[in-house]
Amino acid sequence: MCCRIFVAFLVLALALSMTNLGDARKVSTVVTRHDSVLAWTTMLQSLSPDWLRNVDYCQAPVGRAEETEPIPDGFRLRTVEAVLRHGDRVPTSGPVHVNDDVVWNCTLATLTHPTELSNNNSESGAVEAAPTRLYRKRYLPGRELLPGNCLFGQLTTRGAQQHRRLGEHYRSLYVDKYGLLPPQLDARLLYVRSTDVSRTLQSAQENLLGLYPVTPASTPGLIRYVDLHTMDDNMDNMTPNSNLCPELENVWADLKNQEPWKVFLNVTKPINEAIAATGLFNGDPAQVDLDWFGDTCDARICHGKPLPPGISDALFLKAWIADQWENNYLYGNVAITNWTIGSFVQELVLRLDQFVDAPSDAARAQQPRFSLYSGHDSTLIPLTSALGLTLTNSALWPPYASHVELELWSDAQDQFYVRTLYNGLAYQVPSCTDEVGHHFCPYAQWRQYVAASFPIDYAQRCHRTE
């Protein structure tokens, strides 16, 4: 099977090489996550060096679906699950060139107040006395790995604003237009989860501030809080996590023994050599990590900063395209979503199951109406694959503040449907033969497709009992 697919990849690459390569955007739209690295390489040869600066990697579209997607008569929105990528940030890792004078200064901070869980504040949305003192965490200038005062991967003010705007958009939809949520915050109707990383936690907070702006407290001296659920990194399943499931290492090892990966190594060899020749990665091509390299350059481009010394736009573009292919091969590969994101997808579906299977609307009223999950690009790459979204080229790498919404609707007969949105566009779910209106898939059909990504023999193969 693998050989037949690879032959098809070669045919596609040859077809692309015969295409008029003058229109980069036209050529790029035929490249999907399922195409070979040769097809991607042919595509990148057609691109001008400034192509990347025209790609909306730095900011995902906020919302477009409500302008084009009519709602069928009698349909009512019942609950929403939103899965997000954090907003704009400084580099998370990557080589710092010895002659590099780019400085990163951050002004976004978090104020904290230690508090103890008790019976009085164990429920999200409870009210307690306002703290008399808050503590601000600040990074010492000149003492970080990045020149300046920013931690690796720190959310920027721009990133916070991106999620504030997205939250405001959610308010315009789910409060004002569809009436799913009340105008005033009722935290019992929300479920919020984030990876335990400052940029995802802050992105979730800013999103909620857009959804529910802070208003003067009705009772002076009291505050209302919202729980942000998180967990230890080693246990988190919102991203591919081989610490949580060691079987994933075997899955990746198998992929790296297949022909597409061998082609990838050959294609990227001169790219790695050119990067190392600038002095990055200790000048050793074997140490070049395209993820680290791309991350460093992406953040610079989004902030109008120069690329590392010796790195041209053309060289970075080649590395960026290759890195996209690598991430989609290892993370977005539909053949391995059971292991990359399957247990998280299963959690999302089981929450919807609880709503659909509830015995009455009174029982459903006890469940969250809006669930928000704040994660990473490594969350959305495998998730969009598991959901069957057909994405092309620049959409394959989720821009900052990207967002997936799973909207659960019901009709007048209380039959349930799912509408799947990604960055403001509704997507048709494969094999959904009974769509109603625009991309409203019957719940049973939608669930059957998505359940194919659930983990297989999870307890045995991942050595877990829970």
Side-chain angles (χ1 to χ4, degrees), residues 13 24 28 31 33 35-55 57-58 88-104 144-148 150 152-153 252 255-256 260-332 376-378 381 393-394 396-400:
S28 66
V31 179
R33 62 163 47 103
D35 293 331
S36 73
V37 68
L38 293 180
W40 285 61
T41 303
T42 303
M43 183 268 286
L44 73 85
Q45 291 173 349
S46 72
L47 304 178
S48 61
D50 63 348
W51 173 83
L52 180 65
R53 302 181 191 278
N54 298 320
V55 173
Y57 174 84
C58 304
D88 177 89
R89 53 154 174 77
V90 303
T92 59
S93 57
V96 179
H97 201 286
V98 291
N99 297 320
D100 194 354
D101 59 359
V102 167
V103 176
W104 297 93
E144 317 307 322
L145 289 175
L146 290 173
C150 300
F152 264 146
W252 280 333
L255 283 178
K256 291 181 179 181
W261 185 259
K262 297 175 184 178
V263 174
F264 169 77
L265 294 180
N266 287 331
V267 169
T268 54
K269 182 179 179 181
I271 298 175
N272 294 344
E273 291 173 347
I275 292 172
T278 69
L280 295 175
F281 298 98
N282 298 315
D284 183 2
Q287 296 184 30
V288 172
D289 186 313
L290 292 178
D291 247 3
W292 283 29
F293 175 74
D295 182 80
T296 297
C297 296
D298 288 338
R300 291 165 181 256
I301 288 176
C302 291
H303 285 264
K305 297 180 181 294
L307 294 175
I311 301 299
S312 65
D313 280 4
L315 175 57
F316 168 64
L317 181 59
K318 293 178 181 179
W320 192 75
I321 296 295
D323 191 25
Q324 278 206 63
W325 185 90
E326 178 181 6
N327 274 272
N328 279 281
Y329 183 68
L330 297 178
Y331 293 162
H376 307 264
D377 52 359
S378 53
I381 289 174
N393 201 34
S394 61
L396 289 168
W397 202 310
Y400 292 137

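What's counted below: heavy atoms across the whole structure, side chains too, no hydrogens, waters or symmetry copies. Since this is a predicted model, take the numbers as computed values, not measurements.
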Enquirer: How many angstroms lie between atom OH of Tyr331 and atom CD1 of Ile381, to the nearest 0.5 angstrom?
Expert: 8.5 Å
Enquirer: Are the side chain of Ser312 and the backbone N or O of Leu315 linked by a donor-acceptor pair below 3.5 Å?
Expert: yes
Enquirer: Okay, side chain of Asn328, backbone of Gln324: is any donor-acceptor separation there less than 3.5 Å?
Expert: yes
Enquirer: Would you mind reporting whether Phe316 and Ile301 have side-chain heavy atoms less than 4.5 Å apart?
Expert: yes
Enquirer: Could you check whether any side-chain heavy atom of Trp104 comes within less than 4.5 Å of a side-chain heavy atom of His303, counting everything from C-beta outward?
Expert: yes
Enquirer: Are any side-chain N or O atoms of Tyr329 and backbone N or O atoms of Leu255, one a donor and one an acceptor, separated by less than 3.5 Å?
Expert: yes
Enquirer: Roughly how far, to the nearest 0.5 Å, is the CG atom of Asp101 from the NZ atom of Lys305?
Expert: 9.5 Å
Enquirer: Using 30° and 60° as the class limits, which term best fits the ring planes of Trp397 and Trp320: parallel, tilted or perpendicular?
Expert: parallel
Enquirer: Look up atom OG1 in Thr92 and atom NE2 in His376, then write down how far apart they are to the nearest 0.5 Å.
Expert: 10.0 Å
Enquirer: Does Asp289 use its side chain to pair, donor to acceptor, with the backbone of Asp291 at less than 3.5 Å?
Expert: yes
Enquirer: Are any of the side-chain heavy atoms of Leu330 and Trp261 separated by less than 4.5 Å?
Expert: yes
Enquirer: Aromatic rings Trp325 and Phe264: how do their planes relate, parallel, tilted or perpendicular, breaks at 30° and 60°?
Expert: parallel
Enquirer: May I have the step-by-step check of side chain to side chain contact (heavy atoms under 4.5 Å, CB included) for Ile275 and Lys318, ending in yes or no?
Expert: CA-CA 11 Å; Ile275 292 172; Lys318 293 178 181 179; over 6 Å; no
Enquirer: If I take atom CG from residue Leu290 and atom SG from residue Cys297, how far apart are they, to the nearest 0.5 angstrom?
Expert: 10.5 Å
Enquirer: First locate atom CG of Leu145, then atom CZ of Phe152, and finally report the distance between them rounded to the nearest 0.5 Å.
Expert: 5.0 Å
Enquirer: Can you tell me how far apart CG (Asp284) and CG (Asn272) are? Round to the nearest 0.5 Å.
Expert: 10.0 Å
Enquirer: For a quick test of reading the model, state the closest non-hydrogen atom pair linking Thr278 to Pro309 and the distance between them.
Expert: CB-O, 3.8 Å
Enquirer: Taking Trp292's backbone N and O only, do any of them form a donor-acceptor pair with Thr296's side chain (distance below 3.5 Å, no angle check)?
Expert: yes
